[in-house]
Amino acid sequence: MTDAGFEPLEWFALPEDEMAHRARAFREEAARRRTVRQFSDRAVPRSIIEDCILAAGTAPSGAHRQPWRFVAVSDPGTKRRIREAAETEEVEFYENRAPVDWLEALAPLGTDANKPFLETAPWLIVVFAESYGLDDAGERVKNYYVQESVGIATGMLISAAHAAGLATLTHTPSPMRFLATLLGRPERERAFLILVVGHPAEDAMVPSLVRKPLEEIASFV
Ligand code: IYR
């Protein structure tokens, strides 16, 4: 698990105008990303999903424990079972569990308990957080900053999918315990979220959102 030794950093220094150009280009590309809720059933090659997951796996993590596991689901039967279980939780959420203020906050997004995209989209990447690891002898190894590490990796996964021309939706059925059971994951893995990945439906609509301006999200001191 421990990486042996050190090696020289591989680094490509850029002139400042090139840095500015790339920063702006990345910002503009990031701004084009939208969370999509209507997916096409158009297939996406597994190799593209593998590259996105490998990009996510380059995320920094506490003590370099890499406490993530990505289960990429394309099997229609498994997707159907995930949809059925998720919708059962969501009906309970929307009808009973969610407080009024939460439902009000969600109203502009137009979400409800119906989750057809869990079957329509070609890929569901179920992200698991490993609460502890196992060493070669099968002994428990402590992980650190698990939520932060998996959150960063998920952000990179979303960015990688967007860069590959794919639409995504972060879906968080609550509670999510059924995912570990359904996918046969070990006790030490906790479902973090489902990333729905695919092409948007041709008639996909997205809510008109305004992103906070720099002054509201940043302070320079
Ligand atoms: N998990 C539910 C509810 C939901 C909650 C939040 I916070 C959202 O930003 C969107 C939906 C669902 O997926 O519908």
Side-chain angles (χ1 to χ4, degrees), residues 30-41 44 49 52 56 68-129 146-162 166-183 185 189-201 203-213 216-217:
R32 278 190 283 274
R33 186 203 59 78
R34 292 301 313 258
T35 288
V36 164
R37 290 190 170 80
Q38 287 116 12
F39 282 83
S40 138
D41 61 3
V44 171
I49 300 300
C52 293
W68 39 67
R69 181 87 191 191
F70 304 95
V71 181
V73 180
S74 61
D75 172 61
T78 309
K79 286 196 295 181
R80 181 171 38 77
R81 284 190 289 280
I82 290 175
R83 177 184 179 180
E84 285 165 1
E87 286 182 340
T88 303
E89 299 295 0
E90 294 293 355
V91 167
E92 182 57 24
F93 172 82
Y94 281 94
E95 289 182 5
N96 300 313
R97 239 186 342 246
V100 172
D101 59 335
W102 195 343
L103 292 177
E104 279 171 8
L106 291 178
L109 303 181
T111 60
D112 59 30
N114 202 18
K115 304 297 177 191
F117 50 74
L118 292 174
E119 276 189 272
T120 318
W123 292 98
L124 307 178
I125 305 180
V126 187
V127 182
F128 287 92
V146 171
Q147 296 297 106
E148 292 84 347
S149 304
V150 177
I152 295 167
T154 301
M156 294 182 70
L157 180 60
I158 293 166
S159 299
H162 178 69
L166 290 168
T168 57
L169 166 63
T170 46
H171 178 50
T172 51
S174 169
M176 273 190 274
R177 271 183 297 278
F178 70 87
L179 288 165
T181 314
L182 224 148
L183 296 169
R185 302 311 306 165
E189 290 180 16
R190 299 282 139 86
F192 185 74
L193 54 70
I194 303 175
L195 193 70
V196 184
V197 184
H199 295 279
D203 57 353
M205 301 285 286
V206 290
S208 310
L209 299 180
V210 178
R211 289 179 169 130
K212 289 183 180 176
E216 280 184 43
I217 64 169

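Order of listing sets the numbers, starting from 1, for every ligand and every atom in it.
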Checklist entry - Looking only at protein heavy atoms, which one is nearest to atom 7 (I) of ligand 1, and how far off is it? => result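 The closest heavy atom on the protein side is Trp102 NE1, 3.6 Å.
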Item to check | ligand 1 atoms in contact with Lys115 (distance to a heavy atom under 4.0 Å) | outcome: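 By the 4.0 Å cutoff, the relevant atoms are 12 (C), 13 (O), 14 (O).
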Checklist entry - Do the side chain of Trp123 and the main chain of Val44 share a donor and acceptor less than 3.5 angstrom apart? => result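 Flag set: sc Trp123 to bb Val44 pair under 3.5 Å.
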Item to check | Partners meeting ring pair (Phe, Tyr, Trp, His ring centres under 6.0 Å) with Phe117 (sequence neighbours left out) | outcome: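 Here the qualifying residues are His171.
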Checklist entry - Is there any N or O on Arg37 that sits under 3.5 Å from an N or O of ligand 1? => result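 No, there is no polar N/O contact under 3.5 Å.
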Checklist entry - How far is atom 2 (C) of ligand 1 from its nearest protein heavy atom, and which residue and atom is that? => result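 Ranking protein heavy atoms by distance from atom 2 (C) of ligand 1, first comes Glu90 OE1, 3.0 Å.
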Checklist entry - Judged by atom type as modelled, is there a donor-acceptor pair below 3.5 Å linking the side chain of Arg97 to the main-chain atoms of Glu89? => result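 Checking the backbone N and O of Glu89 against the side chain of Arg97, a donor-acceptor pair under 3.5 Å is found.
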Checklist entry - Can Arg185 and Glu189 be counted as an ion pair, charged N to O under 4.0 angstrom? => result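 Yes, this pair counts.
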Item to check | Trp102 ring center near Phe93 ring center (under 6.0 Å) | outcome: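 Yes; Phe93 has its ring centre under 6.0 Å from that of Trp102.
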Checklist entry - Taking only heavy atoms of His171, which atoms of ligand 1 are found under 4.0 Å from at least one of them? => result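 Listed by number with element: 13 (O).
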Checklist entry - Got a donor-acceptor contact below 3.5 angstrom from the Arg34 side chain to the Pro207 backbone? => result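 Looks like yes, one N/O pair under 3.5 Å.
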Item to check | Proximity winner for atom 8 (C) of ligand 1, if only heavy atoms of Thr35, Thr172, Leu106 are counted | outcome: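 The option holding the nearest heavy atom is Leu106.
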Item to check | atom 3 (C) of ligand 1: nearest protein contact (heavy atom, Å) | outcome: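 The answer is Tyr94 OH, 3.4 Å.
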